[in-house]
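Report on the structure given below.
All values reported here derive from a predicted model rather than from experimental measurement.
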Amino acid sequence: MTGVVMALFILVVTGWSAPRLGELVETGGSLFSGEAVVVVGVLGVVALLVACVLVAPRLTPLLPGGAGLVLAAVTVAFLLRPGLAAGLSWLPGLEGARRLAELGLYLPLALALAVPLFLPLRWRSYRPRGLHAAAVEPPGGAGEAGRRLD
């Protein structure tokens, strides 16, 4: 569920910022103007969020994987059935997100977010198990009575 929320956040923010950056390029404006700084700052926050989700080793791979699969599905939906976006006219940034999806710009991000689903290292637990767990005393010093053997 969190991956879906993250994907919608990425779609809304990038869809909101794409027309503003396009307008800035067309008018020959500066990146140091008031609105441009806000747009670049918001995109920087999204990039930081995506980077943290991708590299956090103890985070479940379902979060980036779910977001990647949703972004890929949105791209395919916009390409195959462009009329589906008409029902989502209330969503801010939809026009920019539709344009980016039709260009296929979400697919590399979707692939990068979905890759952790297929890495076995991301699915491993960081708790000691088996014989290693028997050799480690649990926190609190419970001794033999508090040991858990899985």
Side-chain angles (χ1 to χ4, degrees), residues 1-130 132-133 135-140 148 150:
M1 184 66 169
T2 312
V4 173
V5 172
M6 182 180 160
L8 288 177
F9 177 72
I10 291 171
L11 285 170
V12 167
V13 170
T14 56
W16 172 83
S17 62
R20 285 161 179 73
L21 287 178
E23 183 180 301
L24 182 71
V25 169
E26 289 175 2
T27 61
S30 170
L31 281 178
F32 300 110
S33 66
E35 185 179 358
V37 171
V38 171
V39 171
V40 171
V42 168
L43 286 175
V45 168
V46 170
L48 185 64
L49 172 74
V50 169
C52 288
V53 166
L54 280 176
V55 299
R58 292 184 181 223
L59 191 64
T60 176
L62 291 176
L63 174 63
L69 294 177
V70 168
L71 286 174
V74 164
T75 301
V76 170
F78 277 136
L79 289 176
L80 297 180
R81 302 275 312 260
L84 289 176
L88 298 174
S89 60
W90 56 270
L91 192 64
L94 179 70
E95 189 59 34
R98 185 185 58 79
R99 230 180 291 147
L100 291 173
E102 286 175 352
L103 292 172
L105 294 178
Y106 289 124
L107 285 179
L109 179 60
L111 179 66
L113 287 170
V115 164
L117 281 174
F118 305 107
L119 298 175
L121 181 64
R122 291 290 298 263
W123 289 99
R124 289 192 187 148
S125 172
Y126 285 91
R127 293 183 303 151
R129 295 183 182 270
H132 299 292
V136 176
E137 188 172 325
R148 179 178 167 181
D150 288 332

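The minimum heavy-atom distance between T75 and G104, with the atom names listed, is CG2-CA, 4.4 Å. Here the shortest heavy-atom pairing between A67 and A7 reads O-CB, 3.7 Å. Contact detail for V39 and S17: the closest heavy-atom pair is CG1-CB, 3.5 Å. Minimum interatomic distance between G68 and A110 (heavy atoms only, all atoms of both residues): O-CB, 3.2 Å. Of all non-hydrogen atoms in P64 and V53, the two that sit nearest each other are CB-CG1, 3.5 Å.
Pairs of residues two or more places apart, or lying in two chains, that qualify as salt bridge (charged side-chain N to carboxylate O under 4.0 Å, His left out) and include a residue from residues 13-41 are R20-E35. Here side-chain hydrogen bond (donor to acceptor under 3.5 Å, both in side chains) pairs that include residues 36-46, with residues two or more places apart or in two chains, number zero.
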Go through it in stages, so that I can follow the logic: the residues are L21 and L43, the test is side chain to side chain contact (heavy atoms under 4.5 Å, CB included), and I'd like the CA-CA distance, side-chain angles, deciding distance and then a yes or no.
CA-CA 11 Å; L21 287 178; L43 286 175; 3.5 Å; yes
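The distance from atom CG of L94 to atom CZ of R99, rounded to the nearest 0.5 Å, is 10.5 Å. Note that CG of L71 is 9.0 Å distant from CG of L8, once rounded to the nearest 0.5 Å. One finds the OG1 atom of T60 at 8.5 Å from the CG atom of L117 (value rounded to the nearest 0.5 Å). For the atom pair CD1 (I10) and CG (L49), the distance works out to 6.5 Å, reported to the nearest 0.5 Å. Here the straight-line distance linking atom CZ of F78 with atom CG of L100 works out to 10.0 Å at 0.5 Å rounding.
Residues forming a side-chain hydrogen bond (donor to acceptor under 3.5 Å, both in side chains) with T14 (at least two apart in sequence, or on another chain): Y106.
Counting only heavy atoms from C-beta outward, the side chains of M6 and V70 never approach each other to under 4.5 Å. Two residues are said to be in side-chain contact when any heavy atoms from C-beta on lie closer than 4.5 Å; L54 and P116 meet this criterion.
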